[in-house]
Amino acid sequence: MAAISSCCALPSSASAAPFEARASDPDFSGLPCGKTRPNSSSLRALRGGYGLSTPLILRFPPNFVRQLSTKARRNCSNIGVAQIVAASWSNSPTRGVPPVSGALAAADSVVTIPQLESAPADESAARREGAAVSVDGVQSESQASAGADLKGDALLFSSDGSLAVHAGERSGRGIVTDGITTPIVNTSAYWFKNSAELIDFKEGRHKSFEYGRYGNPTTKVLEEKMRLISALEKAESTLFVTSGMYASVAMLQALVPRGGHIVTTTDCYRKTRIFIQNELPKMDISATVIDPADMDSLERALDQNNVSLFFTETPTNPLFRCVDIELVSKLCHKKGALVCIDGTFASPINQKALTLGADIVLHSATKFIAGHNDVLAGCLSGSEELISKIRLYHHVVGGVLNPNAAYMILRGMKTLHLRVQQQNMTALRMAQFLEEHPKILRVYYPGLPSHPEHHIAKQQMTGFGGVVSFEVDGGLHDTIRFIDNLKIPYLAPSFGGCESIVDQPAIMSYWDLPQEDRVKHGIKDNLVRFSFGVEDFEDLKADILLALEYV
């Protein structure tokens with residue numbers, strides 16, 4: 001077989017894909033510019049047929065392999081460059097003509113393949129001018145160009161559904177590839193051509209990445225998608241981290257100074273409460289805890305303390321209390337306090353806290369955002385100023401999201417709006433059904449008129465979420481029998497995935513506390529938290545009815 005070294009260089013435009021085997025591909029015939037291609041009979045006479053019997057070396061420009069996409073380069077190593085060349089021949093408008101000139105081969109055993117354009121002599125300079133940047137073998141566009149394209153995404157797609165599918169990927173991806181899905185960039189570090197390029201990077205003239213703890217191209221795409229979905233164009237920046245709990249910790253430690261004071265609410269995720277009660281005092285940070293609806297207590301706390309931050313879930317876990325985000329934001333901002341809303345139970349589809357006045361919105365992306373019960377992650381969205389402060393803390397401490405997890409979340413987010421719509425519908429119908437059932441004492445769901453903050457939920461939510469809590473007419477063991485006889489949901493922690501999940505908070509989250517302490521937090525022995533997946537409503541209803549017979 002003929003020896004083949006590399007192939008033709010491509011333009012260094014940031015908008016051009018690194019390799020395309022299409023009808024517009026360059027002529028790989030080996031003919032010098034201006035020469036007429038010999039006809040097929042002449043070639044057969046010179047070569048004795050179509051076989052590559054003549055000793056032939058094809059010389060390709062030196063920078064070609066580096067400029068190929070990851071997939072094309074993999075093909076090169078597996079099946080040889082010759083097959084890529086053959087693919088170009090098959091797409092040529094003169095595809096019936098043999099590709100290599102035997103006459104030229106007979107005259108000279110070395111054939112030079114012409115370039116489309118000369119590669120820039122100073123590649124570093126070309127990158128600074130906005131050309132594609134190679135990051136771990138995957139080309140990355142300038143971030144300035146990407147930012148413009150991302151703004152275009154927000155203008156082009158007016159709905160959450162379209163943004164969930166395309167935002168951050170359709171344009172402005174920052175990774176040049178013909179693949180519909182964003183590639184996974186698995187690397188812990190990024191190399192620089194020379195020290196001058198490294199200095200350019202450090203001084204902001206060269207756009208790239210440096211170390212895995214500071215960023216990754218796959219994760220960057222995910223952050224841009226979430227930035228647009230979380231509040232359309234209101235969020236300037238998003239940071240993804242390893243878990244929702246780490247997001248809470250990083251946010252509190254980065255934004256609340258030593259000696260600061262925070263305000264939070266009674267009903268919340270237990271681990272958040274533990275961190276506020278046990279860990280923040282070690283940093284000389286105090287807290288006031290109020291009922292979610294008690295605005296008088298909030299105003300007193302703001303008047304009596306130098307409050308740095310108000311932090312709450314809405315809806316809360318597991319009783320789904322709702323906080324008036326707009327009112328809280330106005331009260332806090334008058335006193336110079338920031339507002340962070342954990343919107344995990346709402347999801348960014350049902351509630352947009354930033355548009356209501358909050359400074360930061362936090363999500364456990366493990367739940368509705370990823371949506372498949374297969375990945376841990378958390379995210380924070382807000383102004384560039386605030387997220388940058390949290391990002392600096394994050395760069396020091398760690399908690400880095402793995403690029404494989406980022407890819408899985410990107411995949412999950414494309415169905416986010418569809419999943420949430422189905423879960424909203426199922427949960428609302430089930431809450432209405434359970435409220436009428438004689439073996440259910442009480443239902444907690446913000447979509448019900450009986451909920452104490454239903455009027456707030458109607459104002460600030462477009463859907464009421466996919467999780468319902470309710471109290472069974474019985475004690476601890478009656479509730480255990482109910483849960484153990486359910487066949488569809490998994491008995492597990494977490495929520496928001498495609499599969500339904502059920503748990504008894506008294507056992508799942510609070511079993512280490514005495515009963516009287518559990519009740520202080522609103523956790524009764526007969527409380528059930530049911531996260532509805534995307535199964536059929538009638539199947540879930542029949543399963544619940546059957547299990548209630550054991551109560």
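Sorted by first and then second residue, the side-chain hydrogen bond (donor to acceptor under 3.5 Å, both in side chains) pairs with a member in residues 452-466 read Arg321-Glu453; sequence neighbours excluded.
Contact detail for Phe368 and Arg419: the closest heavy-atom pair is O-NH1, 2.8 Å. Nearest approach of Gly343 to Val361, heavy atoms of both residues: N-CG2, 4.5 Å. Taking each heavy atom of Ala492 and Met508 in turn, the nearest pair found is C-CE, 3.6 Å. Among all heavy-atom pairs drawn from Leu401 and Ile409, the shortest one is CD2-CD1, 4.2 Å. Closest approach of Thr265 to Thr312, counting heavy atoms only: OG1-OG1, 2.7 Å. A pairwise comparison of heavy atoms in Pro348 and Ile369 identifies CD-CG1, 3.9 Å as the closest pair.
In this structure, the side chain of Asp267 engages the main chain of Leu319 through a donor-acceptor pair within 3.5 Å. In this structure, the side chain of Glu326 does not engage the main chain of Leu356 through any donor-acceptor pair within 3.5 Å. In this structure, Glu535 contributes its side chain and Ser500 its backbone to a donor-acceptor pair below 3.5 Å. When atom types are taken as modelled, the side chain of Ser237 and the backbone of Arg227 share no donor-acceptor pair closer than 3.5 angstrom.
Within the model, atoms CG of Leu380 and NZ of Lys389 stand 14.0 Å from one another, a figure rounded to the nearest 0.5 Å. The CZ atom of Phe201 sits 9.0 Å away from the NZ atom of Lys207 when rounded to the nearest 0.5 Å. If you take CD1 on Ile488 and CD on Glu499, they are separated by 12.5 Å, rounding to the nearest 0.5 Å.
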Anything under 3.5 Å between a donor and an acceptor, one on a side chain of residues 283-290, the other on a protein residue two or more places apart or in another chain? List them.
from: Ser286; atom 1: OG; to: His261; atom 2: ND1; distance (Å): 2.6
from: Thr288; atom 1: OG1; to: His261; atom 2: NE2; distance (Å): 2.7

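The six-membered or imidazole ring of Tyr190 lies near that of Phe209, with a centre-to-centre distance under 6.0 Å. The ring of Phe345 has its center closer than 6.0 angstrom to the ring center of Phe495.
Around OH of Tyr407, the count of heavy atoms belonging to other residues, nucleotides or ligands within 6.0 Å does not exceed 12.
When His363, Lys352, Gln351, Glu313 are each tested for a side chain to side chain contact (heavy atoms under 4.5 Å, CB included) with Ile341, only one passes: Gln351.
Aromatic ring pairs are classed by plane angle as parallel below 30°, tilted from 30° to 60° and perpendicular above 60°; the pair Tyr214 and Tyr211 is perpendicular.
Checked against salt bridge (charged side-chain N to carboxylate O under 4.0 Å, His left out), Glu223 has the following partners two or more places apart in sequence or in another chain: Arg391.
No side-chain donor-acceptor contact under 3.5 Å links Asp503 and Tyr490. Judged by distance alone, the side chains of His394 and Tyr246 do bring a donor and an acceptor atom under 3.5 Å apart.
The pair Lys520-Asp517 meets the salt-bridge criterion, with a side-chain N (NZ, NE, NH1 or NH2) lying under 4.0 Å from an Asp/Glu carboxylate O.
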